[in-house]
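Okay, structure first, notes after.
Naming: A, B, ... by sequence-line order, numbering from 1 per chain.
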2 protein chains.
Amino acid sequence: MQRYFIDKSKITNELILPTDIYHHAIRVMRMHVGSYFELVLETQKIALMRITQVKKDEAKAELIKWVEANVELPASVTIACALSKGEKAEWIVQKGTELGAKEFIFFAGEFSVTKWDSKKVTKKVDRLAKVALNAAQQSHRTKIPNVHYCSSLDAIELPRFDYRLVAYEESAKEGEKSNLFKLTTSLKKQVEASLSSEILAVFGPEGGISAREVAYMNENAFVFAGLGPRIMRAETAPLYLLSALSFALELG
Amino acid sequence: MQRYFIDKSKITNELILPTDIYHHAIRVMRMHVGSYFELVLETQKIALMRITQVKKDEAKAELIKWVEANVELPASVTIACALSKGEKAEWIVQKGTELGAKEFIFFAGEFSVTKWDSKKVTKKVDRLAKVALNAAQQSHRTKIPNVHYCSSLDAIELPRFDYRLVAYEESAKEGEKSNLFKLTTSLKKQVEASLSSEILAVFGPEGGISAREVAYMNENAFVFAGLGPRIMRAETAPLYLLSALSFALELG
(Lines give C-alpha, C1' and ligand atoms only; values in the text may rest on other atoms or scores of the structure.)
Protein backbone atom coordinates (compact mmCIF):
# COMPACT_ATOMS: atom_id res chain seq x y z
CA MET A 1 0.00 0.00 0.00
CA GLN A 2 1.28 3.47 -0.90
CA ARG A 3 2.28 5.43 2.19
CA TYR A 4 2.79 9.19 2.60
CA PHE A 5 4.12 11.30 5.45
CA ILE A 6 2.03 14.39 6.25
CA ASP A 7 3.32 17.27 8.35
CA LYS A 8 0.28 17.32 10.63
CA SER A 9 -0.25 15.93 14.11
CA LYS A 10 -4.05 15.70 13.57
CA ILE A 11 -6.29 15.08 10.58
CA THR A 12 -10.01 15.52 10.09
CA ASN A 13 -12.21 12.64 8.88
CA GLU A 14 -12.27 14.25 5.47
CA LEU A 15 -9.02 15.65 4.15
CA ILE A 16 -8.04 17.68 1.11
CA LEU A 17 -4.78 16.15 -0.09
CA PRO A 18 -1.71 18.40 0.24
CA THR A 19 -0.30 19.35 -3.18
CA ASP A 20 2.70 16.99 -3.10
CA ILE A 21 0.57 14.01 -2.06
CA TYR A 22 -2.12 14.99 -4.58
CA HIS A 23 0.47 15.07 -7.33
CA HIS A 24 2.03 11.70 -6.50
CA ALA A 25 -1.19 9.85 -5.65
CA ILE A 26 -3.37 11.12 -8.50
CA ARG A 27 -0.91 12.05 -11.25
CA VAL A 28 1.88 9.52 -10.67
CA MET A 29 0.09 6.56 -9.04
CA ARG A 30 -3.15 7.20 -10.97
CA MET A 31 -5.28 6.70 -7.86
CA HIS A 32 -9.04 7.27 -8.27
CA VAL A 33 -12.14 7.45 -6.10
CA GLY A 34 -12.08 4.35 -3.90
CA SER A 35 -8.27 3.97 -3.93
CA TYR A 36 -6.65 3.37 -0.54
CA PHE A 37 -3.40 4.77 0.84
CA GLU A 38 -1.79 5.33 4.23
CA LEU A 39 -0.89 8.62 5.88
CA VAL A 40 1.74 8.81 8.61
CA LEU A 41 1.22 11.77 10.95
CA GLU A 42 3.92 13.61 12.87
CA THR A 43 2.74 11.68 15.92
CA GLN A 44 3.75 8.50 14.00
CA LYS A 45 0.09 7.43 13.93
CA ILE A 46 -0.86 5.68 10.69
CA ALA A 47 -4.21 6.44 9.03
CA LEU A 48 -5.77 4.23 6.36
CA MET A 49 -7.39 6.64 3.89
CA ARG A 50 -9.71 6.22 0.90
CA ILE A 51 -10.03 8.74 -1.93
CA THR A 52 -13.58 10.12 -2.10
CA GLN A 53 -13.30 12.87 -4.73
CA VAL A 54 -10.90 13.75 -7.55
CA LYS A 55 -11.05 17.11 -9.32
CA LYS A 56 -8.64 18.77 -11.74
CA ASP A 57 -6.31 20.18 -9.07
CA GLU A 58 -7.76 18.78 -5.89
CA ALA A 59 -8.63 15.48 -4.32
CA LYS A 60 -10.32 14.51 -1.07
CA ALA A 61 -9.84 11.39 1.05
CA GLU A 62 -11.66 10.04 4.10
CA LEU A 63 -10.22 8.40 7.19
CA ILE A 64 -11.15 4.70 7.21
CA LYS A 65 -9.31 3.65 10.36
CA TRP A 66 -6.13 4.02 12.38
CA VAL A 67 -3.54 1.30 11.72
CA GLU A 68 -1.45 -0.23 14.49
CA ALA A 69 2.17 -0.88 13.56
CA ASN A 70 5.53 -0.73 15.28
CA VAL A 71 8.27 -0.92 12.69
CA GLU A 72 10.91 1.29 14.30
CA LEU A 73 14.21 -0.12 15.55
CA PRO A 74 13.83 -0.23 19.37
CA ALA A 75 17.11 1.69 19.81
CA SER A 76 17.78 5.11 18.28
CA VAL A 77 20.83 4.78 16.06
CA THR A 78 22.65 7.79 14.60
CA ILE A 79 24.99 6.87 11.75
CA ALA A 80 27.88 9.33 11.50
CA CYS A 81 29.91 8.84 8.32
CA ALA A 82 33.01 10.67 7.19
CA LEU A 83 32.55 12.12 3.69
CA SER A 84 33.30 9.51 1.04
CA LYS A 85 33.67 9.53 -2.71
CA GLY A 86 30.85 9.44 -5.25
CA GLU A 87 27.21 8.89 -4.37
CA LYS A 88 27.97 6.82 -1.29
CA ALA A 89 26.20 9.30 1.01
CA GLU A 90 22.97 8.90 -0.97
CA TRP A 91 22.82 5.21 -0.63
CA ILE A 92 24.08 5.08 2.93
CA VAL A 93 20.97 7.19 3.63
CA GLN A 94 18.68 5.09 1.42
CA LYS A 95 19.78 1.70 2.76
CA GLY A 96 20.35 2.96 6.30
CA THR A 97 16.77 4.26 6.36
CA GLU A 98 15.44 0.88 5.20
CA LEU A 99 17.50 -0.69 7.99
CA GLY A 100 16.06 1.57 10.69
CA ALA A 101 18.57 4.39 11.33
CA LYS A 102 17.10 7.37 13.22
CA GLU A 103 19.57 9.99 12.03
CA PHE A 104 22.52 10.50 9.70
CA ILE A 105 25.45 12.83 10.24
CA PHE A 106 28.01 13.40 7.51
CA PHE A 107 31.25 14.94 8.70
CA ALA A 108 34.53 15.98 7.10
CA GLY A 109 37.00 13.40 8.41
CA GLU A 110 40.67 14.39 8.52
CA PHE A 111 41.40 11.74 5.87
CA SER A 112 38.26 12.38 3.78
CA VAL A 113 39.33 12.85 0.16
CA THR A 114 35.96 14.52 -0.54
CA LYS A 115 35.03 17.88 0.96
CA TRP A 116 31.64 19.56 0.86
CA ASP A 117 31.96 23.13 -0.35
CA SER A 118 30.26 25.25 2.35
CA LYS A 119 28.02 26.85 -0.32
CA LYS A 120 26.76 23.41 -1.34
CA VAL A 121 26.19 21.89 2.10
CA THR A 122 22.54 22.98 2.36
CA LYS A 123 21.76 21.69 -1.10
CA LYS A 124 23.45 18.34 -0.39
CA VAL A 125 21.73 17.91 2.98
CA ASP A 126 18.33 18.76 1.40
CA ARG A 127 18.95 16.19 -1.31
CA LEU A 128 19.83 13.53 1.28
CA ALA A 129 16.74 14.45 3.34
CA LYS A 130 14.63 13.78 0.24
CA VAL A 131 16.32 10.38 -0.18
CA ALA A 132 15.52 9.63 3.49
CA LEU A 133 11.88 10.64 3.04
CA ASN A 134 11.43 8.43 -0.03
CA ALA A 135 13.18 5.47 1.59
CA ALA A 136 11.11 5.91 4.77
CA GLN A 137 7.90 5.82 2.73
CA GLN A 138 9.06 2.85 0.69
CA SER A 139 10.15 0.82 3.74
CA HIS A 140 7.01 1.79 5.68
CA ARG A 141 8.86 3.60 8.44
CA THR A 142 6.86 5.86 10.75
CA LYS A 143 9.85 8.16 11.34
CA ILE A 144 11.77 10.09 8.71
CA PRO A 145 15.48 10.06 9.62
CA ASN A 146 17.13 13.46 9.98
CA VAL A 147 20.25 14.31 7.99
CA HIS A 148 22.92 16.72 9.25
CA TYR A 149 26.37 17.90 8.28
CA CYS A 150 29.26 18.54 10.68
CA SER A 151 32.52 20.22 9.69
CA SER A 152 34.53 17.71 11.74
CA LEU A 153 34.19 14.73 14.07
CA ASP A 154 34.51 16.83 17.21
CA ALA A 155 31.71 19.12 15.97
CA ILE A 156 29.26 16.27 16.66
CA GLU A 157 27.45 16.91 19.95
CA LEU A 158 28.13 13.92 22.18
CA PRO A 159 26.24 14.43 25.47
CA ARG A 160 22.89 13.13 24.19
CA PHE A 161 24.35 9.73 23.23
CA ASP A 162 24.21 6.92 25.81
CA TYR A 163 26.44 4.68 23.68
CA ARG A 164 29.25 5.76 21.36
CA LEU A 165 30.78 3.28 18.98
CA VAL A 166 33.33 3.52 16.18
CA ALA A 167 33.85 0.86 13.54
CA TYR A 168 37.62 0.62 13.62
CA GLU A 169 39.50 -1.42 11.04
CA GLU A 170 42.57 -1.70 13.27
CA SER A 171 40.41 -3.30 15.98
CA ALA A 172 39.13 -5.79 13.44
CA LYS A 173 42.69 -6.58 12.28
CA GLU A 174 43.68 -7.21 15.90
CA GLY A 175 40.78 -9.65 16.07
CA GLU A 176 38.54 -7.50 18.28
CA LYS A 177 35.18 -9.21 18.08
CA SER A 178 33.37 -8.85 21.37
CA ASN A 179 32.62 -5.13 21.71
CA LEU A 180 29.66 -4.96 19.33
CA PHE A 181 28.27 -8.11 20.91
CA LYS A 182 28.59 -6.58 24.40
CA LEU A 183 26.88 -3.41 23.21
CA THR A 184 23.90 -5.30 21.78
CA THR A 185 23.59 -7.40 24.96
CA SER A 186 23.42 -4.24 27.02
CA LEU A 187 20.98 -2.63 24.54
CA LYS A 188 18.76 -5.72 24.68
CA LYS A 189 18.43 -5.27 28.45
CA GLN A 190 17.49 -1.62 27.97
CA VAL A 191 14.87 -2.54 25.38
CA GLU A 192 13.42 -5.29 27.58
CA ALA A 193 13.16 -2.71 30.39
CA SER A 194 11.44 -0.35 27.89
CA LEU A 195 14.26 2.16 28.28
CA SER A 196 15.23 4.14 25.22
CA SER A 197 18.88 4.41 24.20
CA GLU A 198 20.63 6.83 21.88
CA ILE A 199 23.54 5.28 20.00
CA LEU A 200 26.14 7.10 17.96
CA ALA A 201 28.04 4.94 15.47
CA VAL A 202 31.01 6.55 13.68
CA PHE A 203 32.45 5.30 10.38
CA GLY A 204 35.67 6.60 8.85
CA PRO A 205 36.38 7.43 5.21
CA GLU A 206 38.29 5.24 2.72
CA GLY A 207 41.50 6.78 4.06
CA GLY A 208 40.70 5.66 7.60
CA ILE A 209 40.56 7.50 10.92
CA SER A 210 43.39 9.84 11.92
CA ALA A 211 45.44 9.40 15.10
CA ARG A 212 43.94 12.65 16.39
CA GLU A 213 40.40 11.38 15.75
CA VAL A 214 41.26 8.09 17.48
CA ALA A 215 42.60 9.98 20.50
CA TYR A 216 39.49 12.20 20.59
CA MET A 217 37.19 9.17 20.59
CA ASN A 218 39.29 7.46 23.25
CA GLU A 219 38.95 10.54 25.46
CA ASN A 220 35.19 10.55 24.88
CA ALA A 221 34.28 7.01 25.89
CA PHE A 222 33.84 5.54 22.42
CA VAL A 223 33.84 1.77 22.10
CA PHE A 224 36.19 0.65 19.31
CA ALA A 225 34.45 -2.27 17.63
CA GLY A 226 35.51 -4.72 14.95
CA LEU A 227 32.75 -5.73 12.52
CA GLY A 228 34.12 -9.10 11.50
CA PRO A 229 37.31 -10.20 9.73
CA ARG A 230 36.62 -8.87 6.24
CA ILE A 231 37.48 -5.36 5.09
CA MET A 232 34.27 -3.54 4.20
CA ARG A 233 33.92 -0.45 2.06
CA ALA A 234 33.05 2.76 3.89
CA GLU A 235 29.43 2.49 2.73
CA THR A 236 28.98 -1.18 3.68
CA ALA A 237 29.99 -1.02 7.36
CA PRO A 238 26.98 1.10 8.51
CA LEU A 239 24.60 -1.40 6.89
CA TYR A 240 26.36 -4.25 8.70
CA LEU A 241 25.91 -2.47 12.02
CA LEU A 242 22.22 -1.66 11.49
CA SER A 243 21.49 -5.22 10.29
CA ALA A 244 23.30 -6.69 13.31
CA LEU A 245 21.35 -4.42 15.69
CA SER A 246 18.05 -5.35 14.05
CA PHE A 247 18.93 -9.05 14.25
CA ALA A 248 19.92 -8.76 17.92
CA LEU A 249 17.05 -6.50 19.05
CA GLU A 250 14.13 -7.34 16.75
CA LEU A 251 14.49 -11.05 16.03
CA GLY A 252 14.74 -14.08 18.26
CA MET B 1 48.30 -4.00 1.29
CA GLN B 2 47.35 -4.75 -2.33
CA ARG B 3 46.15 -8.32 -2.74
CA TYR B 4 45.86 -10.40 -5.91
CA PHE B 5 44.37 -13.81 -6.62
CA ILE B 6 46.57 -16.09 -8.73
CA ASP B 7 45.27 -19.23 -10.44
CA LYS B 8 48.05 -21.44 -9.11
CA SER B 9 48.11 -23.89 -6.21
CA LYS B 10 51.92 -23.55 -5.82
CA ILE B 11 54.44 -20.75 -6.42
CA THR B 12 58.23 -20.77 -6.61
CA ASN B 13 60.31 -18.50 -4.39
CA GLU B 14 60.87 -16.23 -7.36
CA LEU B 15 57.87 -15.53 -9.54
CA ILE B 16 57.36 -13.73 -12.85
CA LEU B 17 54.15 -11.76 -12.42
CA PRO B 18 51.24 -12.91 -14.62
CA THR B 19 50.28 -10.25 -17.18
CA ASP B 20 47.13 -9.03 -15.41
CA ILE B 21 48.91 -8.67 -12.06
CA TYR B 22 51.93 -7.09 -13.77
CA HIS B 23 49.68 -4.54 -15.42
CA HIS B 24 47.81 -3.60 -12.25
CA ALA B 25 50.76 -3.68 -9.86
CA ILE B 26 53.34 -1.89 -12.03
CA ARG B 27 51.26 0.25 -14.39
CA VAL B 28 48.26 1.10 -12.21
CA MET B 29 49.62 0.93 -8.64
CA ARG B 30 53.10 2.11 -9.73
CA MET B 31 54.84 -0.52 -7.62
CA HIS B 32 58.63 -0.68 -7.90
CA VAL B 33 61.53 -2.86 -6.70
CA GLY B 34 60.99 -3.33 -2.95
CA SER B 35 57.18 -2.90 -3.07
CA TYR B 36 55.17 -5.50 -1.18
CA PHE B 37 51.89 -7.16 -2.13
CA GLU B 38 49.98 -10.33 -1.26
CA LEU B 39 49.12 -13.25 -3.50
CA VAL B 40 46.22 -15.59 -2.71
CA LEU B 41 46.69 -19.07 -4.17
CA GLU B 42 43.94 -21.46 -5.22
CA THR B 43 44.65 -23.31 -1.97
CA GLN B 44 43.63 -20.08 -0.17
CA LYS B 45 47.20 -19.74 1.14
CA ILE B 46 48.37 -16.12 1.29
CA ALA B 47 51.92 -15.21 0.23
CA LEU B 48 53.60 -11.94 1.13
CA MET B 49 55.65 -10.99 -1.93
CA ARG B 50 58.26 -8.32 -2.68
CA ILE B 51 59.07 -7.02 -6.15
CA THR B 52 62.70 -7.74 -7.06
CA GLN B 53 62.91 -6.68 -10.70
CA VAL B 54 60.88 -4.45 -13.04
CA LYS B 55 61.44 -4.45 -16.81
CA LYS B 56 59.43 -2.95 -19.65
CA ASP B 57 56.94 -5.83 -19.92
CA GLU B 58 57.94 -8.08 -17.07
CA ALA B 59 58.41 -7.98 -13.33
CA LYS B 60 59.64 -10.49 -10.80
CA ALA B 61 58.75 -10.88 -7.14
CA GLU B 62 60.09 -13.04 -4.34
CA LEU B 63 58.21 -14.90 -1.63
CA ILE B 64 58.88 -13.26 1.74
CA LYS B 65 56.61 -15.41 3.91
CA TRP B 66 53.27 -17.16 4.17
CA VAL B 67 50.59 -15.13 5.95
CA GLU B 68 48.11 -16.72 8.33
CA ALA B 69 44.57 -15.35 8.06
CA ASN B 70 41.08 -16.73 8.33
CA VAL B 71 38.63 -14.19 7.02
CA GLU B 72 35.99 -16.47 5.54
CA LEU B 73 32.49 -16.68 7.00
CA PRO B 74 32.43 -20.01 8.91
CA ALA B 75 29.26 -21.08 7.06
CA SER B 76 29.00 -21.32 3.26
CA VAL B 77 26.20 -19.01 2.19
CA THR B 78 24.74 -19.03 -1.33
CA ILE B 79 22.68 -15.93 -2.10
CA ALA B 80 20.00 -16.69 -4.71
CA CYS B 81 18.30 -13.52 -5.96
CA ALA B 82 15.47 -13.19 -8.45
CA LEU B 83 16.40 -10.84 -11.27
CA SER B 84 15.78 -7.21 -10.31
CA LYS B 85 15.83 -3.91 -12.13
CA GLY B 86 18.90 -1.80 -12.91
CA GLU B 87 22.35 -2.56 -11.60
CA LYS B 88 21.13 -4.25 -8.44
CA ALA B 89 22.79 -7.54 -9.35
CA GLU B 90 26.19 -5.85 -9.58
CA TRP B 91 26.08 -4.40 -6.15
CA ILE B 92 24.43 -7.40 -4.53
CA VAL B 93 27.56 -9.22 -5.71
CA GLN B 94 29.94 -6.43 -4.65
CA LYS B 95 28.49 -5.94 -1.16
CA GLY B 96 27.62 -9.60 -0.68
CA THR B 97 31.25 -10.50 -1.41
CA GLU B 98 32.47 -7.98 1.17
CA LEU B 99 30.02 -9.56 3.63
CA GLY B 100 31.29 -13.10 3.03
CA ALA B 101 28.92 -14.81 0.58
CA LYS B 102 30.36 -17.98 -0.98
CA GLU B 103 28.22 -18.01 -4.12
CA PHE B 104 25.59 -16.01 -5.97
CA ILE B 105 22.77 -17.39 -8.10
CA PHE B 106 20.56 -15.08 -10.14
CA PHE B 107 17.32 -16.66 -11.31
CA ALA B 108 14.32 -15.51 -13.30
CA GLY B 109 11.55 -15.29 -10.71
CA GLU B 110 7.97 -15.62 -11.92
CA PHE B 111 7.36 -12.01 -10.91
CA SER B 112 10.75 -10.66 -12.10
CA VAL B 113 10.12 -7.64 -14.31
CA THR B 114 13.63 -8.03 -15.72
CA LYS B 115 14.61 -10.99 -17.89
CA TRP B 116 18.11 -11.91 -19.05
CA ASP B 117 18.15 -12.52 -22.78
CA SER B 118 19.69 -15.99 -23.22
CA LYS B 119 22.29 -14.53 -25.60
CA LYS B 120 23.42 -12.09 -22.91
CA VAL B 121 23.51 -14.45 -19.91
CA THR B 122 27.18 -15.45 -20.35
CA LYS B 123 28.25 -11.83 -20.72
CA LYS B 124 26.28 -10.76 -17.64
CA VAL B 125 27.59 -13.64 -15.52
CA ASP B 126 31.19 -12.90 -16.63
CA ARG B 127 30.71 -9.26 -15.70
CA LEU B 128 29.38 -10.21 -12.25
CA ALA B 129 32.27 -12.67 -11.76
CA LYS B 130 34.65 -9.74 -12.38
CA VAL B 131 32.81 -7.67 -9.77
CA ALA B 132 33.13 -10.60 -7.32
CA LEU B 133 36.88 -10.91 -8.02
CA ASN B 134 37.52 -7.21 -7.45
CA ALA B 135 35.41 -7.12 -4.29
CA ALA B 136 37.13 -10.26 -2.98
CA GLN B 137 40.54 -8.63 -3.50
CA GLN B 138 39.41 -5.38 -1.96
CA SER B 139 37.86 -7.01 1.11
CA HIS B 140 40.85 -9.39 1.52
CA ARG B 141 38.81 -12.53 1.02
CA THR B 142 40.69 -15.77 0.32
CA LYS B 143 37.81 -17.17 -1.77
CA ILE B 144 36.33 -15.64 -4.90
CA PRO B 145 32.54 -16.19 -4.84
CA ASN B 146 31.09 -18.02 -7.86
CA VAL B 147 28.28 -16.44 -9.85
CA HIS B 148 25.65 -18.52 -11.69
CA TYR B 149 22.40 -18.01 -13.57
CA CYS B 150 19.32 -20.23 -13.34
CA SER B 151 16.32 -19.94 -15.62
CA SER B 152 13.93 -20.43 -12.68
CA LEU B 153 13.81 -21.08 -8.94
CA ASP B 154 13.29 -24.83 -9.37
CA ALA B 155 16.34 -25.00 -11.65
CA ILE B 156 18.52 -24.42 -8.55
CA GLU B 157 20.01 -27.73 -7.39
CA LEU B 158 18.89 -28.23 -3.79
CA PRO B 159 20.44 -31.48 -2.50
CA ARG B 160 23.81 -29.97 -1.58
CA PHE B 161 22.24 -27.42 0.80
CA ASP B 162 21.92 -28.38 4.48
CA TYR B 163 19.79 -25.31 5.20
CA ARG B 164 17.32 -23.58 2.86
CA LEU B 165 15.89 -20.22 3.77
CA VAL B 166 13.69 -17.71 1.98
CA ALA B 167 13.28 -14.08 3.04
CA TYR B 168 9.52 -13.80 2.87
CA GLU B 169 7.81 -10.44 3.27
CA GLU B 170 4.51 -12.04 4.21
CA SER B 171 6.23 -13.82 7.10
CA ALA B 172 7.63 -10.50 8.26
CA LYS B 173 4.17 -8.88 8.01
CA GLU B 174 2.75 -11.68 10.13
CA GLY B 175 5.45 -10.89 12.69
CA GLU B 176 7.57 -13.99 12.06
CA LYS B 177 10.81 -13.24 13.85
CA SER B 178 12.27 -16.41 15.26
CA ASN B 179 13.22 -18.52 12.22
CA LEU B 180 16.44 -16.70 11.29
CA PHE B 181 17.43 -16.69 14.94
CA LYS B 182 16.82 -20.45 15.20
CA LEU B 183 18.86 -21.02 12.05
CA THR B 184 21.86 -19.07 13.37
CA THR B 185 21.67 -20.89 16.72
CA SER B 186 21.82 -24.20 14.92
CA LEU B 187 24.62 -22.96 12.62
CA LYS B 188 26.61 -21.75 15.64
CA LYS B 189 26.54 -25.30 17.05
CA GLN B 190 27.78 -26.67 13.71
CA VAL B 191 30.61 -24.13 13.61
CA GLU B 192 31.63 -24.86 17.21
CA ALA B 193 31.74 -28.55 16.27
CA SER B 194 33.88 -27.60 13.22
CA LEU B 195 31.21 -28.95 10.90
CA SER B 196 30.71 -27.15 7.62
CA SER B 197 27.22 -26.12 6.52
CA GLU B 198 25.87 -25.12 3.13
CA ILE B 199 23.11 -22.52 3.30
CA LEU B 200 20.87 -21.43 0.45
CA ALA B 201 19.10 -18.10 0.98
CA VAL B 202 16.48 -17.09 -1.59
CA PHE B 203 15.33 -13.51 -2.18
CA GLY B 204 12.38 -12.56 -4.39
CA PRO B 205 12.15 -9.70 -6.89
CA GLU B 206 10.36 -6.35 -6.31
CA GLY B 207 7.14 -8.06 -7.40
CA GLY B 208 7.47 -10.69 -4.68
CA ILE B 209 7.36 -14.48 -4.75
CA SER B 210 4.60 -16.29 -6.66
CA ALA B 211 2.18 -18.75 -5.02
CA ARG B 212 3.75 -21.51 -7.10
CA GLU B 213 7.24 -20.58 -5.91
CA VAL B 214 6.01 -20.48 -2.30
CA ALA B 215 4.46 -23.93 -2.71
CA TYR B 216 7.67 -25.26 -4.27
CA MET B 217 9.76 -23.99 -1.36
CA ASN B 218 7.27 -25.38 1.15
CA GLU B 219 7.58 -28.80 -0.49
CA ASN B 220 11.38 -28.55 -0.37
CA ALA B 221 11.91 -27.83 3.32
CA PHE B 222 12.64 -24.11 3.04
CA VAL B 223 12.43 -22.05 6.22
CA PHE B 224 10.33 -18.91 5.65
CA ALA B 225 12.05 -16.17 7.62
CA GLY B 226 11.14 -12.59 8.42
CA LEU B 227 14.07 -10.14 8.45
CA GLY B 228 12.58 -7.57 10.79
CA PRO B 229 9.53 -5.29 10.59
CA ARG B 230 10.69 -2.89 7.88
CA ILE B 231 10.20 -3.47 4.18
CA MET B 232 13.61 -3.76 2.50
CA ARG B 233 14.39 -3.37 -1.16
CA ALA B 234 15.26 -6.55 -3.03
CA GLU B 235 18.97 -5.64 -2.94
CA THR B 236 19.06 -4.77 0.78
CA ALA B 237 17.67 -8.01 2.23
CA PRO B 238 20.66 -10.22 1.23
CA LEU B 239 23.03 -7.78 2.94
CA TYR B 240 20.91 -7.90 6.09
CA LEU B 241 21.10 -11.70 6.11
CA LEU B 242 24.88 -11.85 5.56
CA SER B 243 25.51 -9.18 8.22
CA ALA B 244 23.29 -11.00 10.71
CA LEU B 245 25.10 -14.31 10.04
CA SER B 246 28.49 -12.64 10.46
CA PHE B 247 27.35 -11.02 13.71
CA ALA B 248 25.98 -14.30 15.04
CA LEU B 249 28.85 -16.56 13.90
CA GLU B 250 31.95 -14.34 13.90
CA LEU B 251 31.42 -11.92 16.78
CA GLY B 252 30.71 -12.43 20.47
Best-contacting candidate, B/Glu176, B/Met232, B/Glu250, against chain A by heavy atom pairs under 4.5 angstrom: B/Glu250
What residue, out of A/Val71, A/Leu241, A/Leu245, has the most heavy-atom pairs lying under 4.5 Å from chain B? A/Val71
When you measure from the side chain of B/Glu72 to the backbone N and O of B/Pro74, does any donor-acceptor pair fall under 3.5 Å? no
With a 4.0 Å cut-off, would you call A/Lys95 and B/Glu235 a salt bridge? yes
If you count heavy-atom pairs under 4.5 Å with chain A, which of B/His140, B/Lys182, B/Gln94, B/Arg141 comes out on top? B/Gln94
Against chain B, work out which of A/Gly252, A/Ala135, A/Ala248 has the most heavy-atom pairs shorter than 4.5 Å and name it. A/Gly252
Rounded to the nearest 0.5 Å, the OG atom of A/Ser35 sits from the CD1 atom of A/Ile51 at a distance of 5.0 Å
side-chain hydrogen bond (donor to acceptor under 3.5 Å, both in side chains) between A/Tyr240 and B/Ser246, intermediate numbers included: CA-CA 9 Å; A/Tyr240 179 108; B/Ser246 167; 2.6 Å; yes
Carboxylate-amine/guanidinium proximity below 4.0 Å for A/Lys88 and A/Glu206: yes
Among the listed options A/Leu180, A/Leu239, A/Asn70, the residue most often paired with chain B at heavy-atom distances under 4.5 Å: A/Leu180
Distance check, rounded to the nearest 0.5 Å: B/Glu213 atom CD versus B/Asn218 atom CG? 12.5 Å
With a 4.5 angstrom heavy-atom cut-off, which part of B/Asn179 approaches chain A: side chain, backbone, both or neither? neither
Given heavy-atom pairs under 4.5 angstrom as the criterion, report whether the side chain, backbone, both or neither of B/Arg230 touches chain A. both
State yes or no: are the ring centers of B/His148 and B/Phe106 separated by less than 6.0 Å? no
Where does A/Gln138 contact chain B at under 4.5 Å (heavy atoms): side chain, backbone, both or neither? both
For each of B/Leu73, B/Leu249, B/Leu242, B/Thr185, tally heavy-atom pairs with chain A at distances under 4.5 Å, and name the one with the top tally. B/Leu73
